[in-house]
2 protein chains.
Amino acid sequence: MSTPPTRTPRSGRRTAVASIERGAESRDERKARTRRALLDTALDALRDESFTSLSLREVAKGAGIVPTAFYRHFPDMDSLGIALVDESIGSLHELLRDARANAESDAHLIRGSLRILVDHVDAHERHFRFLARERFGGSAILRKAIGLEVRMFATELAVDLARVPEIGAWPSRDIQLLADLIVTLIVATIEDLVEADDADAVAAAVEAAATQMRMVLLGVGAWHPVTPRR
Amino acid sequence: MSTPPTRTPRSGRRTAVASIERGAESRDERKARTRRALLDTALDALRDESFTSLSLREVAKGAGIVPTAFYRHFPDMDSLGIALVDESIGSLHELLRDARANAESDAHLIRGSLRILVDHVDAHERHFRFLARERFGGSAILRKAIGLEVRMFATELAVDLARVPEIGAWPSRDIQLLADLIVTLIVATIEDLVEADDADAVAAAVEAAATQMRMVLLGVGAWHPVTPRR
DNA sequence: AAGTTCAGTGAACATATGTGCACTACAGTG
DNA sequence: CACTGTAGTGCACATATGTTCACTGAACTT
C-alpha cells in the first residue's frame, strides 16, 4: 500500500530506459535493464544492417543512454556481439532439446521436427536472423564464435544419431558427416525462414525442407556401413 | 618500337591508377581501368568487412581517385554492389559450364566436380567470398539480387538433372528440390572453402562434401518417382 | 586549330563516429 | 547519518562520412 521506504516516485532526471514508469528498482535490476535495452536495440538494428556497420552510438541512442555510458556495460562493440552470439546459441540448443523430446513420441519425425523449427525461429526471429547474417559476415570474431557453436551443435546431433539403430554401427566419421549434412540443411532452412516475408513463403520453405530431408534420410537407408575408402 | 602517335609519355598530373606506367591509353580504356580499380578495391576490402560498412570514400581512396570522382562510375554504392554481384554470378555460371563438360567425360563425377569447384573458388576467391558473405548480409538489395541468381543457378542445374535417366521421370517439382538441395550443399562447401585458411582445411572440406554428396545421391537411387503426397 | 566532352580535382558543408574527461545523482553500505 | 561506488551525463576532440559545387586539363571531335 504505502510507498516503499525508497521513494523517488519520479526522479527529476530522466534516467534512460529504466525511467519508463518504474518506481522502485534495485541498482542491479536497472543495470540489467539497460543492458537488455542495448542488446535489443542491436538485435533490431541488425534486421537492416550488418554487425560491422552497427555503431556504438546507434545502439546507445536506441537504448536511451549517452554513448559514453555504453562502456559501463561492454568494453567494446565486439563484446556486445559475443553476448548476442551466446544468447542466440541458447535458442539453438533449446531447439534441439525440444526436437529430441518430440522425436521420442511423434511418429512423423520430419514434420514434427520442422514444426518445432518453425516455432522456434518464429519465437526468436531476431536471434536466428542474427546467426544467419553473421555466420559468414564481416566480423572475424563473430564468424569464429558462431562457426564454433554450429559445429558443436552438429556434434550434439551426431550423438543423437548414433542412437538410431540403422546408423549406430557406422564409423563415427560418417555419423558426424551425416549430422553436418543435416545441420547444413537446417541452417539453410533457417535462412529461408527468416527471409520469408509471408505465410506462403514459410509454408513453401517447410515443404521444401521436408522433401529434402526425406531425400537425405533415404540415402541413409542405402548407405553402406563401411565408408568406401577410395 | 617508336612511340605511338598519341604521346604524353608521363603526363604532368598523376591521374589515378592509370598513371602506373601506362603511356598511351584511350579515354574509354582509362575509365574502364579506374572502374576495375574501384571494383577490385571493394572486393579486397570485403575480405574484412561487410558491404553495408564499406564506404564510398574508402573504395575511392583505394582506387586512387578523389571521393567525388566515384560518381563518374556509379551513382551510389548500391550500384557498385550490383556490379559485383553480376561479376560474381558470372563466375558461378562458368563453374557450372565446366562441371557440365566434365560430367560427360569423367567417370568419377563427384570428385571431378568437386575438383572443378575447388579450382574455381581458388581462382575467384574474392567473388565467391563476396557471394557467401552478402547472400544473407545486411544489404537488402544485394540479398535479393544474389538470392535470385542462386535460384536461377539451381534451376539451371535442375535442367541438367532432368537429363539423368533415373531422375528424368520424376515430377519436376522434385527435380527442382533435388537441385536446390545440391545447391545448398555446394554453397555450404563454398562457404567452407573461402573460410579455409590452409591446405588441410581445404582437403577436409572436400572430403566432407564428397561423402555428403554421395549420401544425397544414394537417396536419389531410392527415391520414389511419385512424391509421397502426405 | 578551335571547340567540346568528361574523368578527375580540391575545397567546403553538415553530419556521424569512437573515446577521453570531469561531473552528478542516487542506491547500497558502514 | 554521512560515505562510497557506479550508471549515466555533457562537453570536447579528432577523425570519417556522403554530397555539392566550380574547376581543370587532356582526349576526342569538327
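All values below were derived from every heavy atom in this structure, side-chain atoms included, with hydrogens, water molecules and symmetry-related copies excluded. A, B, ... follow the sequence lines: proteins, then strands. Residue 1 opens every chain.
Between the base of dG18(C) and the side chain of T68(A) there is no donor-acceptor pair shorter than 3.5 Å.
Atoms CZ (R30(B)) and P (dG8(C)) sit 7 Å apart, rounded to a whole Å. In this structure, NZ of K31(B) is placed 16 Å from C1' of dA26(D), rounded to the nearest angstrom. In this structure, the CZ atom of R35(B) is 12 Å from the P atom of dA7(C), given to the nearest Å. At whole-Å resolution of the value, CD in E49(B) and C1' in dT17(D) are 13 Å apart. At whole-Å resolution of the value, CG in L54(B) and P in dT17(C) are 17 Å apart. Atom-to-atom, CD1 of I65(B) to P of dT9(C) comes out at 7 Å; the value is rounded to the nearest Å. As rounded to whole Å, 18 Å separates atom P of dA7(D) from atom CZ of R36(A). For the pair R27(A) CZ and dT4(D) P, the interatomic distance rounds to 14 Å; values are reported in whole Å.
Salt-bridge annotation for R100(A) and E156(A): present, with a side-chain N of the basic residue lying under 4.0 Å from a carboxylate O of the acidic one. Contact check on E195(B) versus R135(A) returns no salt bridge, with no Lys/Arg side-chain nitrogen under 4.0 Å from an Asp/Glu carboxylate oxygen.
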>> Let's go through D76(A) and S79(A) carefully: what are the C-alpha distance in whole Å and the side-chain angles of both, what is the deciding distance for side-chain hydrogen bond (donor to acceptor under 3.5 Å, both in side chains) to 0.1 Å, and is it a yes or a no?
In response: CA-CA 6 Å; D76(A) 50 34; S79(A) 304; 2.9 Å; yes
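Between F128(B) and H124(B), the angle of the ring planes lies from 30° to 60°, which puts this pair in the tilted group.
For the pair S55(B) and dT17(D), the criterion of a side-chain N or O lying under 4.0 Å from OP1 or OP2 is met. Between T34(B) and the phosphate of dG8(C), there is a side-chain N or O to OP1/OP2 separation shorter than 4.0 Å.
Among residue pairs with one or both ends in residues 71-95 of chain A, those qualifying as ring-ring contact (aromatic ring centres under 6.0 Å, His included) are F70(A)-F74(A); sequence neighbours excluded.
Each of R35(A), R36(A), R126(A) was compared with E87(A) under the salt bridge (Lys or Arg N to Asp or Glu O under 4.0 Å) criterion, and only R36(A) meets it.
Mapping D28(A) and R57(B) onto DNA chain C by nearest heavy atom places R57(B) closer to the 5' end of the strand. Along DNA chain D, the nucleotide nearest E58(B) and the nucleotide nearest P67(A) are compared for position; the residue whose nucleotide lies closer to the 5' end is P67(A).
Within residues 70-79 of chain A, the residues that have a heavy atom under 4.0 Å from DNA chain C are, in order of number, Y71(A).
A donor-acceptor contact closer than 3.5 angstrom links the side chains of S50(A) and S50(B).
The side chain of V66(A) lies closest to dG10(D) when the candidates are dT6(D), dA7(C), dG10(D).
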